[in-house]
Amino acid sequence: MYKTHTCGELRVVHAGQKVTLAGWVHRRRDHGGVVFFDLRDRYGIVQITINPDVSKETLNVVADVRFEWVLQIVGTVQKRPAGMENPNMATGEIEVIASEINVLNPAKTLPFMVNNGDTNEADENTRLKYRYLDLRRERMRENIILRHRVIKFMRDYLDKQNFIEIETPILFKATPEGARDYLVPSRVYPGQFYALPQSPQQLKQLLMVAGMDRYFQIARCFRDEDQRGDRQPEFTQLDLEMSFVHRDDVLAMVEGLYTAMIPAVTPHKKILSSPWPVLSYTDAIEKYGSDKPDLRFGMQLIDVSDVFAKSDFRVFQSATEAGGVIKCIVAPDSADMSRREVDELTEVAKSFGAKGLATLAVTAEGPKGTAAKFVKPEEFEAVKSKVGAKQGDLILFAADQRAVVNKVLGGLRLVFRDKLDLADKDVMAFAWVVDFPMFEWNEEEKKWDAAHHPFTMPKMEDLPKFETNPGEIFSDAYDMVCNGYEMASGSIRIHRRDIQFKIFQLLGLKDEEIQLKFGHMLEAFEYGAPPHGGMAPGIDRLVMLLADEPNIREVIAFPKNSGARDVMADAPSSVEPKQLKELHIKIVE
RNA sequence: GGUCCCGUGGUGUAGCGGUUUAACAUGUGGCCCUGUCAAGGCCAAGAUCGCGGGUUCGAAUCCCGUCGGGGCCGCCA
């Protein structure tokens, strides 16, 4: 070993000991005669003191030393002289008086500073290009360590619950449904491809058929879709599956895991309510305008169609006549919002599909806002009392088809959350959303899509609707949500061949196609498949929330940028013609 | 695919039609300094303002295009 101790562990009890340390030069303070520098490793920072009275030689060595040089120090731990302690440092009561310094490796001038906390943070592309330097920063190091603790806790907890960790293949089979696959060409079979798994869904179900009973995996998943702050081309899920369970058994298991984990890994985070609230999908959409509601604050959507049933306001009239609804949210203390701010909100509303945005400000002089002159006094009073608006509040209306109204107001609700700082970042508002529709109508392709995935068990009592109205079939799917993010998604699965076959047919797959793509699943269900279900909590998003980070790139060691590029290694990149030839691939310009 | 925002020394910002030879901080180089901890002091180097075109007597500044980055919508079984 190059060292006897880590930089973070030395305390007064070590005083008098001769130690050897190795690490990076975090800062240096050169007084000409005496020189201090802070040596850093993963475990902390310690002050090294070069005193010419102790060793003239070390002073010469250290003259050239700059930021991020890698040094080995031999020295003696000393309690600092009275008044020289640094209470801001864990090791601030001691210092190491160097007797010998070895330069293990010098460093060029850095493209950005790694020792200045979050001030002057470099452009993200620069950080990603030099990710190995970026990861030296305290914030990144803490995020990566937190991520490790989360995964370690999950492994230990699930192990105690009789789960076993099983690896599944990364090279698997393309699926026609769902996200775009990342394909891997086969050298051995010209024109054929593996696909990287969008999730180990099929494999974990087959492990249940195999009698493994309780499976989990820290699973990498790949989806070739456009990026977001909370979406990467490859991401990590805690994939798990259980046999002989009903929905509530799965929920209880995962809720138990998270309820135990949060205080253990991030004691400062508070879980809003325990047990977690359970919302139906329909309730979530109607009350919060989202299937992943942020429950840290109110501002629920309120249906005021009845209040404006006889309204003279054209916008309201035409919405109700077309079979739509009028709903609103109440923004507290926002009546004095400027015209410009309201215009901005209107733009936001339009981006979610609204044709416009009507507002009513409750002021001392009566109603103000874009809808004020169209609303009768009795309507104003009625809506005020129905939504509980008080003076100073701003009521925002959306009038359109129900789905549009919910989406628009749901979006605006989150804008006000951020604008008015309504949500405490240290609160984790976990909840379950249950009873999802089984299918969604795909208007573009004029066919039914699976709302969750095609292996989800429909509600048994809805089975007769297969022939009549598939849109009214609900499923045993469930989501875990927290603070406006979908944190996990799962379902009770189909374990019967006949039901599974029917689902595929309804999704528009031809019989031969079903056999070709999913024959292995159907066949497996004929050899004694147990009832089973599971879910897959996202690890990146969870760590992002726990670390108070604004996007998941900050909790992934080597993430892609929003264009799905690795800017450090510069991938994807061209390959040698020889490689292409072996893979039987020709590039078409 | 659509839309909005951002590109100024190595890094982070200011400047937003004319005393700007583009300012400040930090970093870099040099000198001074034996108790600092974001050490301090003095000096110096370092940016044709992403790129291309246009408007103008004059463009970092206004307009158009393009490239790069980020957010949102679509997409994400």
Side-chain angles (χ1 to χ4, degrees), chain A residues 26-38 45-54 59 64 66-68 80-89 91-92 95 97 108-130 133 175-181 197-199 201-202 221-233 235 344 347-354 407-408 411 414-415 418 438-440 442 444 448-456 477 486 489 491 503-504 507 509 517-518 538 550-551 553 561-563 565 567:
Chain A
H26 191 65
R27 288 209 175 82
R28 67 194 299 273
R29 294 175 290 280
D30 187 344
H31 289 242
V34 66
V35 177
F36 303 97
F37 57 86
D38 296 335
I45 295 173
V46 66
Q47 173 165 286
I48 310 295
T49 303
I50 288 89
N51 192 325
D53 304 338
V54 175
L59 192 66
D64 296 329
R66 294 293 180 269
F67 287 122
E68 299 301 309
R80 293 198 194 182
M84 302 302 166
E85 304 88 353
N86 184 347
N88 299 321
M89 281 173 89
T91 59
E95 61 192 334
I97 311 296
K108 290 206 299 184
T109 301
L110 300 161
F112 55 85
M113 297 300 290
V114 303
N115 67 358
N116 61 356
D118 284 346
T119 59
N120 284 11
E121 180 166 273
D123 168 72
E124 192 180 3
N125 236 27
T126 312
R127 291 174 52 206
L128 290 179
K129 182 173 177 188
Y130 299 96
L133 296 179
T175 47
E177 298 270 329
R180 208 173 285 118
D181 284 314
Q198 297 173 28
S199 82
Q201 182 60 38
Q202 296 182 38
C221 306
F222 305 86
R223 295 178 189 176
D224 187 5
E225 297 292 347
D226 287 344
Q227 304 312 296
R228 285 288 191 287
D230 62 350
R231 274 170 23 194
Q232 281 272 303
F235 60 99
E344 280 171 13
E347 286 310 307
V348 174
K350 283 180 179 167
S351 80
F352 288 106
K407 188 171 180 62
V408 168
L414 296 184
V415 171
D418 299 335
M438 181 75 197
F439 301 105
E440 281 167 356
N442 183 332
E444 249 173 66
W448 291 103
D449 284 345
H452 181 54
H453 59 55
F455 308 106
T456 302
E486 180 191 310
S489 193
S491 61
I503 299 285
F504 286 137
L507 293 172
L509 291 169
K517 307 284 185 189
F518 299 108
N551 67 66
R553 296 186 296 276
N561 72 3
S562 76
R565 290 201 70 83
V567 295

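Numbers restart at 1 for each chain; the letters A, B, ... are given by sequence-line order, proteins then strands.
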Across all strands, who's sitting opposite [N] as a Watson-Crick or G-U wobble pair, both distances under 3.5 Å?
N     : result
B/C76 : none
B/A14 : none
B/G68 : B/C6
B/A44 : B/U28
B/U36 : none

Plane angle bin for A/Phe504 and A/Phe518 - parallel if under 30°, tilted between 30 and 60°, otherwise perpendicular
parallel
May I ask you to say what [X] touches in the nucleic acid, namely base, sugar-phosphate or nothing, with a heavy-atom cut-off under 4.0 Å?
X        : answer
A/Asp53  : base
A/Lys407 : sugar-phosphate
A/Thr456 : nothing
A/Glu95  : base
A/Arg180 : nothing
A/Asn125 : sugar-phosphate
A/Phe67  : sugar-phosphate
A/Phe455 : nothing

Indicate whether A/His31 forms a stack on B/G35; treat it as stacked only if centroid distance is below 5.5 angstrom and interplanar angle below 30 degrees.
no
So, do A/Phe112 and B/U11 meet the stacking rule of ring centres under 5.5 Å and planes under 30°?
no
On a whole-Å scale, what distance lies between the [atom1] atoms belonging to [N] and [M]?
N     : M     : atom1 : value
B/C67 : B/U28 : P     : 38 Å
B/C62 : B/G18 : P     : 11 Å
B/C24 : B/C42 : P     : 14 Å
B/U61 : B/G50 : P     : 8 Å

Listed nucleotide nearest any side-chain atom of A/Ala122, set B/G29, B/G12, B/G70
B/G12
Quick one: on RNA chain B, does A/Asn561 or A/Glu85 contact a more 5' nucleotide (nearest heavy atom)?
A/Glu85
Quick check: on RNA chain B, is the nucleotide nearest A/Glu444 upstream (toward 5') of the one nearest A/Asn551, or the reverse? Name the residue that is more 5'.
A/Asn551
Of A/Gln198, A/Gln232, A/Arg231, A/Arg180, which is the lone residue that meets side chain to side chain contact (heavy atoms under 4.5 Å, CB included) with A/Arg223?
A/Gln198
Hey, does the side-chain of A/Arg228 have a donor or acceptor N/O within less than 3.5 Å of a partner on the base of B/G74?
yes
For A/Gln47 and A/Arg27, does a side-chain donor sit closer than 3.5 Å to a side-chain acceptor?
no
Can you check side-chain contact (heavy atoms from CB on, under 4.5 Å) on A/Glu68 and A/Val114, steps first, answer last?
CA-CA 9 Å; A/Glu68 299 301 309; A/Val114 303; 3.0 Å; yes
Looking at B/G71, I'd like to know if its phosphate oxygens (OP1 or OP2) sit under 4.0 Å from a side-chain N or O belonging to A/Arg553.
yes
